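This report concerns only the one structure given below.
Whatever order the structure lists ligands and atoms in, that order sets their numbers, starting from 1. Starting from 1, each residue takes its place in the sequence as its number. Since the model is a prediction, treat every value here as computed from it, not as a measurement.
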Amino acid sequence: MSRFILNETSYFGIGIRTELATEMKTRKYKKALLVSDKVLTECGVLSKVKKVLDDNNIVYSEFLDAKQNPTIKNCHDGIEAFKSSGADCIIAVGGGSVIDVAKAIGIVINNPEFHDIKSLEGVAPTHTKSVPIIALPTTCGTAAEVTINYVIIDESVNRKMVCVDPKDIPLVAIVDPELMTSMPNALIAATGMDALTHAIEGYITKGAHPISDMFELKSINLIAKHLRGAVKDKNMIDLEAMSIAQYVAGMGFSNVGLGIVHSMAHPLGAIFDIPHGVANAILLPNVMEFNMSSSIDKYAEIACAMGEYIRDISKEEAAKIAVEAVRKLSKDVGIPQSLKDINIKESDLPRLAKDALKDVCTGGNPKDVNENDILEIYKKTY
Ligand SMILES: NC(=O)c1ccc[n+]([C@@H]2O[C@H](COP(=O)([O-])OP(=O)(O)OC[C@H]3O[C@@H](n4cnc5c(N)ncnc54)[C@H](O)[C@@H]3O)[C@@H](O)[C@H]2O)c1
Ligand SMILES: [Fe+2]
């Protein structure tokens with residue numbers, strides 16, 4: 001049994017954000033709450049979207065206070081902004097953090113008994129679809145515009161909660177690479193490696209399906225071809241390919257799950273505010289080594305999708321080549337290679353392992369794990 005949920009409508013291409021006006025009009029929305037953040041306001045990304053709204057006389061209020069690695073308090077502020085706006089839809093312009101805040105707002109407005117947000121962790125019994133969301137991603141990583149997940153920090157315990165709810169999926173995704181050109185190179189690298197992690201974890205997860213496999217392999221292939229160029233000089237060919245690659249990875253993993261790279265990255269974001277993509281990228285090769293015996297055939301396919309030459313060698317050798325290809329890509333785009341490099345202390349590792357084991361993504365890992373396995377991988381990555 002498998003279920004696939006995707007956006008009602010999605011758009012791709014340079015300058016395609018003008019379709020935002022078409023969608024607002026044909027769906028007969030009267031007023032939007034525009035959700036974004038301060039950085040996007042300052043670097044001019046938001047004004048590119050506001051121009052479309054202003055040119056078409058579309059009415060909107062603003063909530064521009066979404067935080068990187070958003071908290072419950074942050075979502076509550078957004079919910080209040082929605083209530084006082086009189087809006088009937090949400091336009092989210094940002095990375096995963098902004099889109100996740102938009103999802104939490106949309107779900108709580110229509111399911112007010114979940115106002116504490118904590119009760120939304122995992123798969124919550126919400127009854128009504130989110131307020132309609134139109135999402136315009138500005139990073140090339142999370143695919144939050146097409147996923148049924150959102151990730152919020154419970155700041156009372158410094159833990160990331162993964163909320164999984166088919167009712168939160170944005171109705172419309174507008175993937176315009178021109179909204180990504182202002183990303184600093186390190187952000188392109190980090191979010192691109194997040195997308196690669198989605199594609200690889202989604203490909204080998206316990207719930208993988210031939211349909212999601214198709215998306216994940218294509219995504220791996222696009223990222224291997226285009227991430228280096230996108231990071232090096234932000235040329236539009238590579239950036240556009242990355243904007244599609246991250247979305248395609250999301251079409252897959254959102255429907256089948258992830259694994260312990262994400263479980264182990266989440267506490268690094270929640271406790272130390274490490275950018276999500278950096279945390280994933282540091283952990284990915286060592287987790288791949290740990291999971292290798294469960295997915296040898298698929299690892300050989302990953303090597304092939306990454307453009308590695310694997311004819312006339314054993315599957316075991318091809319699997320090792322896949323791990324090394326991922327490690328090389330991560331190094332080439334300038335990702336730090338150890339937990340020490342991002343100032344984590346060895347004494348922090350046991351706490352991280354405890355939190356990671358409890359994460360919603362752990363159940364999807366292809367190989368069963370215990371706390372000690374996770375601790376050993378953290379130590380190896382230290
Ligand atoms: N919903 C999902 O399915 C899903 C999947 C994976 C991760 N996540 C979550 O998403 C969050 C990470 O999202 P992210 O990696 O996209 O980064 P982000 O949204 O946290 O953004 C990181 C920083 O980059 C800035 N930024 C974003 N776009 C920019 C641009 N075009 N130009 C300049 N600066 C820009 C932001 O303002 C922010 O300061 C984490 O909280 C993670 O847990 C969600
Ligand atoms: Fe992710």
Test log, rule salt bridge (charged side-chain N to carboxylate O under 4.0 Å, His left out), inputs K206 and D368 = CA-CA 10 Å; K206 276 185 185 144; D368 289 336; 2.8 Å; yes
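- With respect to the Fe ion (ligand 2), D194 has OD1 as its nearest N, O or S atom.
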inquiry  = Apply side-chain contact (heavy atoms from CB on, under 4.5 Å) to residues I271 and D355 and explain how you reach the verdict.
reply    = CA-CA 10 Å; I271 304 169; D355 284 0; 3.8 Å; yes
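- Using a 4.0 Å cut-off between charged side-chain N and carboxylate O, K298 and D213 make a salt bridge.
- Heavy-atom contacts of T147 reach the following atoms of ligand 1: 1 (N), 2 (C), 3 (O) (cutoff under 4.0 Å).
- Contacts of K38 with ligand 1, taken as heavy-atom pairs under 4.0 Å, are absent altogether.
- Shown here is K358, whose NZ atom has more than 12 heavy atoms of other residues, nucleotides or ligands within 6.0 Å.
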query = Taking it one step at a time, do K67 and S97 satisfy side-chain hydrogen bond (donor to acceptor under 3.5 Å, both in side chains)?
reply = CA-CA 7 Å; K67 306 269 184 280; S97 296; over 6 Å; no
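- The contact set between ligand 1 and N149, taken as ligand atoms under 4.0 Å from a residue heavy atom, comprises 1 (N), 2 (C), 3 (O).
- The protein atom (non-hydrogen) at minimum distance from atom 28 (N) of ligand 1 is T138 OG1, 2.8 Å.
- Those atoms of ligand 1 that come under 4.0 Å of a heavy atom in K160, given as number and element, are 40 (C), 41 (O), 42 (C), 43 (O).
- The nearest N/O/S atom of H198 to the Fe ion (ligand 2) is NE2.
- Between G96 and ligand 1, a contact under 3.5 Å exists for at least one N or O pair.
- Atoms of ligand 1 found under 4.0 Å from any heavy atom of V39 (numbered from 1 in listed order, with element): 34 (N), 37 (O), 39 (O).
- Closest to atom 23 (C) of ligand 1, if we only count protein heavy atoms, is Q68 OE1, 3.3 Å.
- Under 4.0 angstrom from ligand 1, the non-hydrogen atoms of H276 all belong to its side chain.
- The environment of NZ in K167 is crowded: more than 12 heavy-atom neighbours from other residues, nucleotides or ligands sit within 6.0 Å.
- For the 3.5 Å distance criterion, the side chains of K50 and T41 fail to qualify, holding no donor opposite an acceptor.
- Considering all non-hydrogen atoms of both residues, A124 and S119 come closest at CB-O, 3.5 Å.
- Nearest protein heavy-atom neighbour of atom 9 (C) of ligand 1: D100 OD2, 3.5 Å.
- Using a cutoff of 4.0 Å between basic side-chain nitrogens and carboxylate oxygens, K320 and E317 are not scored as salt-bridged.
- The residue from T139, N280, D168 that puts a heavy atom closest to atom 16 (O) of ligand 1 is T139.
- Looking at atom 36 (C) of ligand 1, its nearest protein heavy atom turns out to be D37 OD2, 3.4 Å.
- Closest to atom 29 (C) of ligand 1 among all protein heavy atoms lies L40 CD2, 3.4 Å.
- No more than 12 heavy-atom neighbours from other residues, nucleotides or ligands sit within 6.0 angstrom of NZ on K51.
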task = Could you check L339 against D348 for side-chain contact (heavy atoms from CB on, under 4.5 Å), going step by step and ending with a plain yes or no?
result = CA-CA 10 Å; L339 294 173; D348 296 322; over 6 Å; no
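- Less than 4.0 angstrom separates some heavy atom of L179 from each of these atoms of ligand 1: 31 (N).
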task = Show the numbers, then the answer: is there a side-chain contact (heavy atoms from CB on, under 4.5 Å) between K129 and N110?
result = CA-CA 7 Å; K129 276 190 179 176; N110 283 354; 5.6 Å; no
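- In this model, a donor atom of one side chain and an acceptor atom of the other lie less than 3.5 Å apart for Y11 and E23.
- Close contacts between ligand 1 and G95 involve ligand atoms 16 (O), 19 (O) [criterion: under 4.0 Å to a heavy atom].
- With respect to atom 18 (P) of ligand 1, the closest heavy atom belonging to the protein is S97 OG, 3.5 Å.
- For T191, every heavy-atom contact with ligand 1 shorter than 4.0 Å involves the side chain, none the backbone.
- What sits closest to atom 26 (N) of ligand 1 on the protein, heavy atoms only, is L187 CD2, 3.6 Å.
- Around atom CG of D233, more than 12 heavy atoms belonging to other residues, nucleotides or ligands sit under 6.0 Å away.
- Against a heavy-atom cut-off of under 4.0 Å, S182 is close to the following atoms of ligand 1: 30 (C), 31 (N), 32 (N), 33 (C).
- Interface of N69 with ligand 1, defined as ligand atoms under 4.0 Å from a residue heavy atom, comprises 40 (C), 41 (O).
- The parts of T142 lying near ligand 1 are both backbone and side chain, judged by heavy-atom distances below 4.0 Å.
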